[in-house]
Number of protein chains: 2
Amino acid sequence: MASDLFAARVEAHGLKPKHVGLMVVLETGRASSQLEIARVMGVAPSLVVALADHLEKLGAIQRVRDPADRRRQVLTLTERGRELLATCAELAESADAEFAADLTVTESVVLTRLLDRLAARQGLPTAPADRL
Amino acid sequence: MASDLFAARVEAHGLKPKHVGLMVVLETGRASSQLEIARVMGVAPSLVVALADHLEKLGAIQRVRDPADRRRQVLTLTERGRELLATCAELAESADAEFAADLTVTESVVLTRLLDRLAARQGLPTAPADRL
DNA sequence: GCAAATCATTCAGACTCTGAACGATTCACC
DNA sequence: GGTGAATCGTTCAGAGTCTGAATGATTTGC
């Protein structure tokens, strides 16, 4: 619904919503290896490879072999990645704001609180990562 | 979110969410020719062809050339189609109910009213056709 | 040490949807 | 009335996204 708006805008930064989702996972420290990320995001590991390839090419993340287990690739956000993520957070907020433009303040507060509770119940992150 | 649940369940009836969306459009009389349907649903006309083909094969709709303009195909719901649609409506409601299981009654009422207003503002049908 | 399991990667393919053609029909206009 | 432009449905090739099986590298269990 409003995610389409968000998707269109992050595209200007060379990103798809799933790329942002991956960065959110990294930022919140919910996973570091690619397989963990795949599980958290609910997608196939092969897709994480493609997403990480792109993010690495953009300079948003770093891929480092875990010295303790050299099968694992440890992904970390770079400074550039954090900048990008901050920009995307702003885009998400403004998209939400536009979408809920004709709600009163109290209404929108009520709405976001209800949705947060539903998201939590669903085992999802409470943050704006519901746009994968 | 909850639409995934809905999608999985209508699949048991040989339908995708878009098929249900098309039937809702017919039921609400918002369009009859295929091109109108495409515009209302926001999809390409060629997709409507495929959706209608499938629904016709299931016996849910009828395709009749408009006598007044023989370029147009007029789609109408059959009795079987109305039955299917009723079943889908139940599925949608139960999926919603499960999804909002741990909300109080007043909370869920507030939520649906807010979402309805947002949908209306967006020019969407107020009905459960937000699952396209 | 060696077999089995684990992680990342590649690749083919399924699925959904779009846009450009094309045939049939209707409309505008002279 | 007749002709060219527009409209509707349809087909088809292809883009985009995602999955699952196969492969290679590495680690773990025993």
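Chain naming here is simple, since letters A, B, ... match the order of the sequence lines and numbering starts at 1 in each. A quick note: this is a predicted structure, and the numbers were derived from the prediction, not measured.
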Let me have DNA chain C in dot-bracket notation, would you? Count Watson-Crick plus G-U wobble pairs, both distances under 3.5 Å, and use [ ] for pairs crossing earlier ones and | for inter-strand partners. ||||||||||||||||||||||||||||||

Please set out all donor-acceptor pairs under 3.5 angstrom arising from side-chain atoms of residues 39-53 of chain B, sequence neighbours excluded.
| from | atom 1 | to | atom 2 | distance (Å) |
| --- | --- | --- | --- | --- |
| B:Asp53 | OD1 | B:Arg63 | NH1 | 2.9 |
| B:Asp53 | OD1 | B:Arg63 | NH2 | 3.0 |

Start and end of chain B contact along DNA chain C [non-hydrogen atoms, under 4.0 Å]: C:dT16 to C:dT26

Holding to side chain to side chain donor-acceptor pair (under 3.5 Å), I want the full list of residues that pass it with A:Glu90, two or more places apart in sequence or in another chain. none

Quiz: residues 5-12 of chain B side-chain donor-acceptor pairs under 3.5 angstrom, not counting sequence neighbours:
| from | atom 1 | to | atom 2 | distance (Å) |
| --- | --- | --- | --- | --- |
| B:Arg9 | NH1 | B:Glu98 | OE2 | 3.1 |
| B:Arg9 | NH2 | B:Glu98 | OE1 | 3.1 |
| B:Arg9 | NH2 | B:Glu98 | OE2 | 3.1 |
| B:Glu11 | OE2 | B:Lys16 | NZ | 2.9 |

For DNA chain D, whose closest nucleotide is more 5', that of A:Gly42 or that of A:Ala68? A:Gly42

Non-hydrogen atoms of A:Gly81 and A:Met23 that approach each other most closely: O-SD, 4.0 Å

Would you call B:Arg30 and B:Glu36 a salt bridge, using N to O less than 4.0 angstrom? no

How far apart are the C-alpha atoms of B:Asp66 and B:Gln73, what are their side-chain angles, what is the distance that settles it, and do they pass the side-chain contact (heavy atoms from CB on, under 4.5 Å) test? CA-CA 6 Å; B:Asp66 184 349; B:Gln73 294 269 42; over 6 Å; no

Going 5' to 3' through nucleotides 5-18 of chain D, assign each nucleotide B (protein heavy atom under 4.0 Å from a base atom), S (under 4.0 Å only from sugar-phosphate atoms) or - (no protein heavy atom that close). -BBSSBB-----SS

Side-chain donor or acceptor of B:Ser32 paired with backbone N/O of B:Leu75 under 3.5 Å: no

Could you check B:Leu15 against B:Cys88 for side-chain contact (heavy atoms from CB on, under 4.5 Å), going step by step and ending with a plain yes or no? CA-CA 9 Å; B:Leu15 295 174; B:Cys88 291; 3.9 Å; yes

Looking at A:Gln62, I want to see if its CD is surrounded by more than 12 non-hydrogen atoms of other residues, nucleotides or ligands under 6.0 Å. no

For A:Arg82 and A:Glu27, what are the C-alpha separation, side-chain angles and deciding distance, and is it a side-chain contact (heavy atoms from CB on, under 4.5 Å)? CA-CA 8 Å; A:Arg82 270 182 286 273; A:Glu27 188 196 35; 5.6 Å; no

